[in-house]
Structures are given as C-alpha cells and as structure tokens.
Number of protein chains: 2
Amino acid sequence: MVARRRTIKDIAKESGFSLSTVSLVLNNHPRISQATRDRVMAVVKKYNFYPNSAARGLASKSSRTLSVVVPNLTRVFSDIYLGEIISGIYERATSQGYKILLDIATAQFIKSQEYTKLLASRRADGMLFIASDIHADYLSVFEDSPYKFLLVNHVFPGKKLNYVSVDYAASARLAAQHLLGLGHRRIGLIAGTNTFTGLQFRDEFLRVCKTWQAGPAKVAWVDGGEEWSQRGGYAATAKLAAQLPELTAIMAANDRMAIGAMRWMADNHREVPEQVSVMGVDDIQLAAYVNPGLSTIRHDLYQVGIESCNRILQLIKGEITECSDLLPTSMVVRGSTSRVPVG
Amino acid sequence: MVARRRTIKDIAKESGFSLSTVSLVLNNHPRISQATRDRVMAVVKKYNFYPNSAARGLASKSSRTLSVVVPNLTRVFSDIYLGEIISGIYERATSQGYKILLDIATAQFIKSQEYTKLLASRRADGMLFIASDIHADYLSVFEDSPYKFLLVNHVFPGKKLNYVSVDYAASARLAAQHLLGLGHRRIGLIAGTNTFTGLQFRDEFLRVCKTWQAGPAKVAWVDGGEEWSQRGGYAATAKLAAQLPELTAIMAANDRMAIGAMRWMADNHREVPEQVSVMGVDDIQLAAYVNPGLSTIRHDLYQVGIESCNRILQLIKGEITECSDLLPTSMVVRGSTSRVPVG
DNA sequence: TCCGCCCATTAAAGCGTTTTTCCGGCGAGG
DNA sequence: CCTCGCCGGAAAAACGCTTTAATGGGCGGA
C-alpha cells in the first residue's frame with residue numbers, strides 16, 4: 001500500500017497551527033511571525049511537502065503557467081531562431097515562478113482550437129505565440145478577447161493583437177543605408193514573403209533604396225522560399241544573377257539565405273566582397289564563422305523572449321492592457337560587404 | 001465588469017440536467033444516453049464552455065501533463081537531436097490528451113530540486129528526462145520512488161532508473177563490423193565520453209575491433225569534446241592523425257563530429273574515402289548532403305520520442321512498473337566509406 | 001396486476017488549497 | 001484602570017469539478 005500523499009492539513013496538525021496559517025506561511029504572507037514561519041517550515045521540510053498545484057490553482061484562480069506556441073516547421077527545434085526566443089522566455093518565466101506549457105501549431109492544434117481551449121480551461125494564464133505566418137487568420141479570436149495573448153517576433157497589421165517584435169523596418173533601413181552608403185546602386189534582394197515582418201522588411205528596404213538622396217538604387221527582388229533556408233538563398237541568388245546581372249550587392253532577409261548566396265557566389269567564381277557584397281539579417285552564430293564574415297543586422301532574439309515574457313506577465317497582472325513593442329536592431333559590419341567596385 | 005466565467009453548473013442549469021450528468025457527458029461516460037449527451041453538448045457548444053482544468057485535476061488527481069526536461073546546452077534547441085525527440089513526444093502526448101510542460105536542466109533547476117517539486121506538487125503526472133550526462137547523480141532520487149520517471153535516450157548503469165534509448169552498443173557493433181569488413185585495421189575513434197551511452201559506444205567499438213575474427217584492428221581514440229560538435233570533431237581528427245598517422249578510417253560518435261573530420265581531411269588533402277574512410281552516427285539530415293555522403297548508423301530519435309511517451313504513459317497508468325527499452329539501429333552506407341586502400 | 005430489475009440520472013461527499021472575516025490578547029494612551 | 005487599535009493566528013466559505021452510492025421510473029415476466 002502506498003503512503004497517502006501529505007496535505008497542508010497534515011502539516012497543520014503536526015506543527016500545531018491551523019490550515020490557514022500553514023497556507024499563509026507557504027505563500028510568504030507578511031502577517032505571519034518569524035517564529036511561526038520557522039516552526040511550520042521545519043515540518044514542511046521534514047515531510048518534503050509541496051502543496052498540490054491543482055488545488056492551489058483552483059483556489060487562487062491562477063495556473064502560474066504560460067502557454068508557448070511554436071510554429072510547425074518540420075525541424076522546428078533545429079531553428080536557432082526558436083532556441084534563442086524560448087530560452088529567453090524560459091529564463092524570465094522561471095524567475096517569476098511560472099512554468100511553460102509547450103505546444104506546436106500543427107494543423108490539429110489549429111483545427112481543434114487548442115489555443116482557445118488552453119486559456120478557456122485556465123490551463124494557462126496567458127499565451128505567447130511565436131512567429132506565425134500571414135495565414136494565421138484564426139488568431140482574430142484574440143482581438144478584444146479577455147484572454148491574455150501576445151505575438152512574439154511577429155506582427156499582424158490591421159489586427160488588434162499584442163506583440164513584441166524586433167523592428168524589421170528599422171533593420172531594413174540600417175541595411176539599406178549600409179549598402180547605399182558603400183555606393184551600391186544595383187542590388188538583389190532575397191525576401192521572405194510569408195510573414196508580415198518579412199514583407200515590412202522588403203517594403204521598407206525598397207522604399208529607402210528608391211528615395212535615397214545621393215541617387216536611387218535599382219533593386220530586383222525575389223522570394224527566398226517558405227523556409228528561409230540556405231538552399232532557398234542559393235536558388236534565389238541564381239535567379240537574381242540572371243535577372244540583374246550587373247548587381248553589386250545581395251541583401252538577404254536572413255543570414256541563412258545570405259550564406260546560401262555566398263555559396264552561390266563561390267560556386268560561380270564571384271569574389272565576395274570584391275565583386276559582390278552580401279549581407280544578411282539576424283546575426284546567427286554561423287555568421288561570424290563563414291569566410292568572409294557576414295555583415296548583418298543583429299536581432300537579439302533572446303531579448304525578444306525576455307521582453308515578451310515580461311509583457312505577457314504584465315498583461316496577466318493587469319498592469320498593462322495592450323502592448324506593441326518593437327525592439328531595436330543594430331548593424332554588424334564584417335567582411336562580406338565593401339565599397340562598390342569601380343567600373 | 002468582466003463576465004463571470006461559466007462553470008459546469010451553468011451548463012447543468014441551462015440544459016436542465018444535473019451537475020453530475022454534465023460531468024459524465026464531458027468525460028464521455030458510457031452510461032449517458034445519446035439524447036442527453038446531445039442536449040448537453042449543445043449548451044456546451046453554445047457557451048463555448050471548457051471545464052476548468054485545475055478543478056478537474058484536483059478532483060481526478062491527475063494533471064494530464066507530462067514534464068519534459070531537456071539538457072542545458074547553450075544552444076539547446078538548435079540541436080536537431082532534441083527536435084526529433086520532442087516532436088515524437090509531443091505527437092504521442094497530444095494524441096493521448098496530455099500536455100507538455102517544458103523545463104531546461106539549468107543549474108537552478110537542479111539546485112532547487114524542481115524535478116521533485118514538479119511531481120510532488122502533482123503539476124505533472126510523470127517526467128521524461130532527455131539525455132543528461134554522467135554527472136546527473138541527483139537523479140538517484142527517482143530510484144524506487146513512487147514518481148513516474150523515465151530517462152530518454154540515456155541510460156544510467158548501476159541505477160534503477162527507467163529508460164528508453166537507442167542501443168548504442170548495437171550501433172558500435174554495426175559500425176565496427178562495417179569498417180572491419182571493408183578491411184580497415186588502423187582506425188581512429190572520436191568518442192563522446194561525457195555520457196554513459198557514449199562510453200558504451202566506445203567500449204563496445206573497441207571490444208569488437210580487438211576481438212575481430214579476421215584479425216584485430218589497432219584503434220586509437222580521443223575525446224571529441226563535451227559538445228559533440230563539428231569543431232570538436234575537427235580538432236580530434238588532427239590529434240588522431242598525429243597519434244596514428246597510418247590510419248585508414250575515422251569513426252566518430254556522431255555525425256557532426258564526423259563532418260568535422262571530413263572537413264579536416266579536405267583541409268589536409270586526404271581523399272575521402274580513397275585514402276581515409278569516415279563514418280558517423282545518428283544519420284542527421286546533413287549527412288546525406290555532404291560530399292561524399294556520410295556513411296552512418298541511423299538513430300530514429302523521433303521514434304525514441306514516441307516510444308518514451310508510450311512508456312511513461314504506461315507507467316502512469318500502472319500498466320507496467322519498470323522499463324528498459326533499447327531501440328534498434330541500422331547501417332546506412334553512403335560514399336564516405338570504402339575498402340581499405342591497398343599498400 | 002404486481003414484483004423485480006435494470007437503466008439513466010442525481011445527490012452529495014470529497015479533492016487540497018486560498019482568502020476573507022473574525023477573534024482574542026496585549027500594549028499604549030488617556 | 002479602561003478602552004482602543006493592532007497584530008498574529010483561526011475558522012470557514014469558497015474554488016469547480018469527479019465519482020460513488022443512491023434514486024426513481026419504465027418494462028418484462030409471471
């Protein structure tokens with residue numbers, strides 16, 4: 001026969017105090033004297049007692065749990081992108097006593113409306129939805145809903161949804177300024193068009209190039225593929241080279257595609273950066289290790305995770321009622337970009 | 001003022017049935033007639049009602065939640081290894097109505113004994129602990145404990161801990177047989193020595209090589225580093241080449257280190273496989289894409305995830321009381337290995 | 001027509017906490 | 001010496017569901 005699980009009642013009996021006192025001790029309530037606290041805690045330690053979290057959740061109307069939903073990329077966890085964000089969220093959530101409930105936005109997850117169920121059943125106090133794409137219309141449910149919901153590193157123009165994201169338009173400006181400042185006027189852009197942030201980046205990049213004071217640049221752009229992969233970047237570069245043979249720079253919407261572009265250049269005997277400058281976005285670890293080092297825009301995704309978690313907790317506590325943060329980005333100059341070649 | 005959250009009581013009142021009937025309907029109890037079921041569900045749908053999971057957990061003494069603990073590698077989620085396993089666990093857990101609580105085995109997590117707390121507080125019904133290292137002594141707590149605990153792709157010789165893992169010794173045999181069968185007798189082994197499975201692999205590989213019928217092989221081994229990385233494999237290869245210059249084959253304990261080895265060979269003008277055969281373990285996606293394709297031992301980690309989840313659920317239901325499964329592996333021959341060069 | 005039986009349904013007792021209200025005693029101030 | 005206020009602690013009412021034992025009604029068999 002298995003020993004009955006201990007409850008707060010057992011602790012109360014053993015320590016000689018009432019149920020409520022024990023509860024107050026366990027919650028660090030200031031009304032309890034140190035002497036009482038010590039005596040209760042001694043018993044708690046002795047029995048290695050941990051209060052039942054279901055009972056706690058029921059009584060306190062809070063699960064102290066955050067739902068984190070990640071996109072359903074096939075190899076989702078291999079994407080460094082996610083790792084950074086999740087680490088940030090985890091760090092912050094844990095430090096505030098919150099646990100993380102993980103979900104993957106599979107077709108089944110969407111179809112069965114798990115995202116609603118999780119919050120409606122109070123299994124989670126709030127939801128962090130990481131980086132979905134432009135087709136996630138079902139998220140409209142969370143407009144003006146009582147549920148605490150936050151998009152992470154993603155925005156949804158036209159929808160009233162809270163978000164914390166890197167400022168992709170600002171990144172586009174930094175990138176364009178860097179390349180234009182180096183004299184490039186024929187640029188190939190490898191864009192990601194399956195996310196709104198990707199579209200923002202593309203549009204802002206094109207806008208800045210078109211309106212550049214020192215003379216507008218000619219930009220050809222192609223889509224780098226749904227996966228934003230090295231492979232996609234490679235293929236896109238081939239297309240751009242055919243479309244705009246005189247290009248002197250390639251701008252890719254992320255580092256992986258940029259590395260694919262560098263690979264294509266190497267395979268096709270174009271020197272980087274002597275003949276063609278290549279630039280990416282994100283500043284993944286690999287960016288510093290390729291040869292030449294990849295010039296890029298740094299996106300601090302760990303920080304995005306931290307900040308997202310801060311915000312959702314504030315939403316939960318009612319300290320704020322909405323949130324639309326754009327985090328700053330910065331230019332990282334390495335060897336893959338240089339002044340436009342003469343002639 | 002915010003609308004009061006609906007409860008089962010509201011559904012009962014509205015549908016004209018009792019509390020218990022509604023509850024039984026929600027739990028698909030067979031004793032309820034179809035007519036009743038339909039009428040209750042109509043109201044449930046109408047109000048978009050989902051039962052409070054804390055109340056449910058409290059009454060049923062089950063959280064329907066699994067704790068998944070992943071190792072605290074810096075870039076933990078970038079490791080494809082984990083992605084596969086977690087995907088498998090998630091798939092299975094979800095199909096059985098279980099949710100996943102994610103934790104990272106940080107120093108803090110260990111120190112504060114979160115692993116105990118999670119189970120003691122009944123926040124999770126069971127714990128899946130992924131791939132820790134040889135220093136995880138604190139897991140002894142789970143020997144003969146009432147808590148449902150399972151090591152995933154890891155074993156702990158000498159401890160009575162449940163596990164589901166790939167059979168690393170079998171992999172070592174397959175690998176050794178392949179290389180020895182190709183005539184190799186001077187082999188460099190890049191081992192991982194910070195996990196028990198890594199040690200098992202090394203020892204079994206050495207044993208088979210030493211006792212090979214057609215003539216034993218000379219094997220030099222070095223450690224590939226804590227991270228089992230490409231970089232580590234590269235450095236290890238350099239050491240091996242110095243230590244056993246006449247080697248004709250490199251065996252690495254995982255594909256990433258093997259790819260590092262191939263890189264070293266390329267940088268040092270050794271032809272693979274003409275001069276040196278190289279072989280890995282895992283069969284990561286990249287293994288098929290390097291040139292030449294990497295011969296390796298296939299480890300189906302998605303399946304490890306699936307099977308682990310099956311087992312922990314059986315442990316929770318009491319269908320089994322212990323578990324020590326080793327999943328089979330298989331040889332994948334690609335271009336990086338060939339017959340030993342003559343002379 | 002009456003008796004039992006079986007079935008769907010219900011009543012009620014938890015499940016283990018939190019939290020609000022209440023209470024008794026003690027010290028300080030008048 | 002009395003009263004007021006304060007403070008640590010206790011009682012008790014939720015919290016929203018599950019689950020078991022009890023109930024009542026309808027039906028078949030005698």
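Protein chains get the first letters and strands the later ones, always in sequence-line order, with residue 1 at the start of each.
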* Can you tell me how far P of dC15(D) sits from CG of D10(B), to the nearest Å? -> 12 Å
* So what does S33(B) hit on the nucleic acid, given a heavy-atom distance under 4.0 Å: a base, only sugar-phosphate, or nothing? -> sugar-phosphate
* Got a donor-acceptor contact below 3.5 angstrom from the S53(B) side chain to the R56(B) backbone? -> no
* Structure fact -> Counted 5' to 3', the first and last nucleotides of DNA chain C within 4.0 Å (strictly under) of a heavy-atom of chain B are dA8(C) to dG16(C)
* With Y138(B), which residues qualify under ring pair (Phe, Tyr, Trp, His ring centres under 6.0 Å), at least two apart? -> Y115(B)
* Asked: Is L26(B) touching bases, backbone alone, or none of the nucleic acid, heavy atoms closer than 4.0 Å?
  -> nothing
* **Atom pair distance, as rounded to whole Å: CZ in R31(B) and P in dT19(D)** => 13 Å
* Asked: Between dG16(D) atom C1' and N27(B) atom CG, what is the distance in whole Å?
  -> 13 Å
* **Pairing residues for Y98(B) by the ring pair (Phe, Tyr, Trp, His ring centres under 6.0 Å) criterion, not counting sequence neighbours** => none
* To do: Only counting residues at least two apart or in another chain, list the ones meeting side-chain contact (heavy atoms from CB on, under 4.5 Å) with L24(B).
  => H29(B), I32(B)
* Whole-Å distance between dC15(D) P and R64(A) CZ? -> 21 Å
* To do: Give a yes/no on whether any side-chain N or O of S18(A) is located under 4.0 angstrom from OP1 or OP2 of dA10(D).
  => yes
* Asked: Once you round it to whole Å, what is the distance between P of dT18(D) and CG of L58(A)?
  -> 12 Å
* Criterion side-chain contact (heavy atoms from CB on, under 4.5 Å) against S23(A), the qualifying member of V25(A), L26(A), N27(A) -> N27(A)
* Answer yes or no: does a side-chain N or O of T21(A) lie under 4.0 Å from OP1 or OP2 of dA10(D)? => yes
* Provide, to the nearest angstrom, the distance between the CZ atom belonging to R6(B) and the P atom belonging to dC15(D). => 16 Å
* If you look only at pairs with a residue in residues 130-146 of chain A, which of them pass as a salt bridge (Lys or Arg N to Asp or Glu O under 4.0 Å), with sequence neighbours excluded? -> D137(A)-K159(A)
* To do: Quick one: label S23(B) by what it contacts on the DNA or RNA (base, sugar-phosphate, nothing), any heavy atom closer than 4.0 Å.
  => base
* **Gap between atoms CZ and C1', on R122(A) and dC17(D) respectively (whole Å)** => 15 Å
* **Earlier contact from the 5' end, DNA chain D, for I32(A) and L19(B)** => I32(A)
* Asked: For the helix from dT1(C)-dA30(D) to dG30(C)-dC1(D), what is the angle between the axes at its two ends, each from 5 pairs, rounded to 10°?
  -> 50°
* Structure fact -> H29(A) NE2 to dA10(D) C1', in whole Å, measures 14 Å
* **Qualifying salt bridge (Lys or Arg N to Asp or Glu O under 4.0 Å) pairs, either residue in residues 110-123 of chain B, two or more places apart** => K99(A)-E114(B), E114(B)-K117(B), R122(B)-D125(B)
* Test ring pair (Phe, Tyr, Trp, His ring centres under 6.0 Å) applied to F156(B) - qualifying residues, sequence neighbours left out -> H154(B), F196(B)
* To do: With DNA chain C as reference, determine whether K9(A) or R37(B) sits nearer its 5' end, using the nearest nucleotide of each.
  => R37(B)
* In residues 44-53 of chain B, which ones come under 4.0 Å of DNA chain C, going by heavy atoms? -> none
* To do: Sequence neighbours left out, what passes side-chain contact (heavy atoms from CB on, under 4.5 Å) with A55(B)? Give chain and number order.
  => L58(A), N52(B)
* **Pairs satisfying salt bridge (Lys or Arg N to Asp or Glu O under 4.0 Å), at least one member in residues 15-34 of chain B, at least two apart** => none
* Return yes when atom CD of E322(A) has more than 12 non-hydrogen atoms of other residues, nucleotides or ligands closer than 6.0 Å, and no otherwise. => no
* Asked: Which pairs, with at least one residue in residues 6-15 of chain B and sequence neighbours excluded, count as a salt bridge (Lys or Arg N to Asp or Glu O under 4.0 Å)?
  -> R4(B)-D10(B), E14(B)-K46(B)
